[in-house]
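I have placed the structure first, in the form of structure tokens, so that the comments after it can refer back to it.
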Amino acid sequence: VRQSATGGAFGGKEDYPSMLGCYAALLANKSGKEVRIVFDRTEDLLVSPKRHPSKSHYRMGLTKDGKITALEVEMFLDSGAYTTLSRVVLQRTHLHTAGAYFVPNIKVHSRAMATNTPPTGAFRGFGAPQSIFAIERHMDLAAKKLGMNPLDLRLKNTLKTGDIFPYGQVFKEANNADAVLRKAAELSDYYRKHEEYARQPHARVRKGIGIAVALHGGGFTGAGEDRMGSTAKVSFDGEKFNIYTSITEMGQGVSMVFPMVAAEALGVPIEKVEYIVPDTSKTPNTGPTVASRSTMYAGKAVQDAAETLKKDILAWAQANGKKGGLEELAQACLKDRGTLEAIGMNIFSGGPAWDEEKFQGDAYRGYAWIANAVEVEVDMDTYEANAIHVGAAAEVGRAVNPMQATGQLSGGILQGIGWAHIEDMRVDDKGVYTSKHMNSYLVPTTLDTPSWDIALLEDPCPEGCYGAKGIGELPANGGAPAFIAAVENATGVFGTEIPLTGEKLFELLEEKNGGGK
């Protein structure tokens with residue numbers, strides 16, 4: 001199996017394309033001809049998996065000064081007609097229900113329900129965005145009840161070093177939730193604007209600002225990464241060092257990041273390193289390209305392979321009395337041996353303390369963090385809400401390629417903003433999606449893109465490649481609640497569901513005060 005050029009994935013290429021691939025392979029095998037299966041846009045929208053719709057019930061106890069004392073959560077996910085990936089999506093929903101906050105007493109009951117609708121699957125964040133939306137909106141509600149600024153309430157309750165997650169893991173990282181919140185507030189001038197925008201009741205175009213914080217556990221849950229046994233290979237062909245992994249380039253940047261990692265480990269110019277497009281006849285099993293694990297874990301296998309190869313070449317040179325640069329020595333070693341390659345793996349510092357049956361323990365080896373301060377304009381005649389500026393801070397462990405990391409963050413936040421107010425994907429009473437074309441299912445375009453101020457913070461993760469953490473899913477987690485909070489700041493209405501379309505905003509304003517004018 002050879003990978004062809006692949007566009008953005010976001011979960012949609014995880015399980016469903018395997019079915020189509022099997023059909024194509026079977027037909028090709030039986031007919032002896034090349035077979036291609038192509039869906040038009042309507043077919044794709046009607047049958048491919050979407051994000052799990054969710055419904056949540058949160059009940060929180062707080063002290064008068066805003067300290068969380070207890071949390072009770074009931075979370076439901078709509079799985080559609082078949083299980084597909086609902087188990088792993090539900091796991092992450094369950095584990096992220098308390099968000100970035102320390103909760104001393106918690107009870108969570110989560111369920112994935114079968115319904116007469118097309119099956120749902122993994123989509124960027126796979127389960128975490130649903131939980132993060134719920135807890136962040138609940139924090140805004142708590143701040144409103146207590147008469148506190150939403151940012152102050154968050155800062156009072158963020159996870160700190162030594163705190164314990166609801167599932168029993170001791171938090172050993174720095175106070176990164178606090179750090180990203182403060183940085184995002186600084187980038188957006190949050191405090192001043194939040195107070196100023198609350199005092200504009202008669203403006204036709206009103207501004208608002210909202211803030212949200214999110215986390216995302218990197219890689220597979222629990223012992224998943226240990227069981228995966230991810231391997232990578234680095235070889236030398238006489239001219240270049242070649243990287244072989246099963247991790248596919250889908251726009252996340254591995255075709256650039258992996259050569260950077262290998263070049264760093266080998267100590268050679270990046271021009272001497274080549275990323276080989278995955279081919280199952282040549283590449284080892286590095287595990288699937290999912291769960292924000294490409295750089296963090298697969299990259300670590302590449303790093304290990306390159307370091308192992310370098311040690312092998314230098315050991316050969318010492319044994320044979322050779323001197324020179326690594327490339328020169330590699331050429332001599334290759335001529336002597338005929339082949340020159342090394343296998344690398346993820347090398348962890350110890351086994352995870354994870355109990356799958358009790359669903360408790362060390363769920364993830366590293367967490368990435370993000371805070372978004374989203375500023376909006378709301379037209380009170382048309383009820384359109386548009387993001388005009390985002391101040392975002394993300395703690396990414398180590399930014400191997402800062403430019404690509406910034407692009408990942410802005411793109412993911414924009415996806416979250418689109419999910420918040422225009423991406424309206426419903427089903428009719430027969431369980432069929434109502435959006436069959438891109439003129440009815442709207443997505444953000446360049447005209448909907450806000451201006452950006454993005455800061456990268458680094459708290460290296462010992463288990464990640466050169467300290468990197470996975471950030472592919474992270475930015476999709478917090479855009480929606482920040483956007484809805486901004487609309488609340490502008491209009492005074494408290495949104496509890498998304499997408500908050502113009503029609504829904506109009507209804508909320510009608511309920512509040514006959515139109516909100």
Side-chain angles (χ1 to χ4, degrees), residues 1-54 77-89 112 114-127 129-130 246-252 254-255 277-280 288-291 294 411-412 414-416 418-419 422-446 448 472-473 476 498-499:
V1 177
R2 300 180 182 92
Q3 182 205 0
S4 58
T6 309
F10 314 116
K13 296 180 174 68
E14 187 167 355
D15 61 332
Y16 189 72
S18 300
M19 295 165 41
L20 304 182
C22 289
Y23 298 155
L26 177 63
L27 290 169
N29 181 265
K30 291 294 185 181
S31 67
K33 304 288 185 182
E34 292 183 1
V35 173
R36 177 180 297 171
I37 297 178
V38 180
F39 280 3
D40 64 26
R41 182 70 71 183
T42 297
E43 290 169 325
D44 181 73
L45 282 169
L46 286 177
V47 304
S48 61
K50 312 296 188 295
R51 187 186 297 282
H52 285 68
S54 68
L77 297 184
D78 181 349
S79 293
Y82 301 98
T83 302
T84 64
L85 291 166
S86 293
R87 180 176 179 272
V88 294
V89 173
T115 61
N116 184 33
T117 59
T120 47
F123 186 62
R124 196 172 193 172
F126 66 110
Q130 291 92 320
S246 64
I247 298 298
T248 57
E249 174 61 76
M250 300 190 211
Q252 82 278 41
V254 294
S255 60
V277 176
D279 177 340
T280 54
T289 313
V290 298
S294 295
L414 186 60
Q415 279 190 316
W419 185 46
I422 59 174
E423 297 186 26
D424 197 3
M425 180 65 71
R426 291 168 289 170
V427 294
D428 60 22
D429 56 4
K430 296 181 180 179
V432 178
Y433 287 122
T434 55
S435 297
K436 300 178 182 179
H437 304 281
M438 295 305 289
N439 60 356
S440 57
Y441 178 65
L442 305 179
V443 296
T445 69
T446 52
D448 305 297
E473 261 113 1
I498 52 177

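The figures that follow rest on heavy atoms only: side chains count, while hydrogens, waters and symmetry mates do not. This is a predicted model, so every value here is computed, not measured. We count residues from 1, following the sequence as given.
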Would you say [X] and [Y] make side-chain contact, with heavy atoms under 4.5 Å?
X	Y	result
Ser86	His52	yes
Gln415	Phe123	yes
Leu85	Phe126	no
Thr84	Thr120	no
Pro118	Leu46	no

Between [atom1] on residue [X] and [atom2] on residue [Y], distance to nearest 0.5 Å:
X	Y	atom1	atom2	answer
Lys436	Asp44	NZ	CG	14.5 Å
Ile422	Ile498	CD1	CD1	12.0 Å
Leu45	Thr434	CG	OG1	10.0 Å
Glu423	Lys50	CD	NZ	12.0 Å

Ignoring hydrogens and geometry, is there a side-chain-to-backbone donor-acceptor pair from [X] to [Y] under 3.5 Å?
X	Y	answer
Glu249	Ser255	yes
Gln252	Thr248	yes
Arg87	Ala112	no
Thr280	Val1	yes

Taking all atoms of both residues into account, what is the closest heavy-atom pair of [X] and [Y], and its distance?
X	Y	value
Ser246	Thr289	O-OG1, 3.8 Å
Gly411	Arg124	C-NH1, 4.1 Å
Lys430	Asp428	N-OD1, 2.9 Å
Tyr441	Ser435	CB-CB, 3.7 Å
Ser48	Tyr433	O-CE1, 4.4 Å
Asp448	Val443	OD2-O, 4.1 Å

Side-chain donor-acceptor contact under 3.5 Å, Gln130 with Ser54: no

Give me the ring orientation class for Phe39 and Tyr16: parallel if the planes are under 30° apart, tilted from 30 to 60°, perpendicular past 60°. tilted

Is it true that atom CG of Asn116 has more than 12 heavy atoms of other residues, nucleotides or ligands lying nearer than 6.0 Å? no

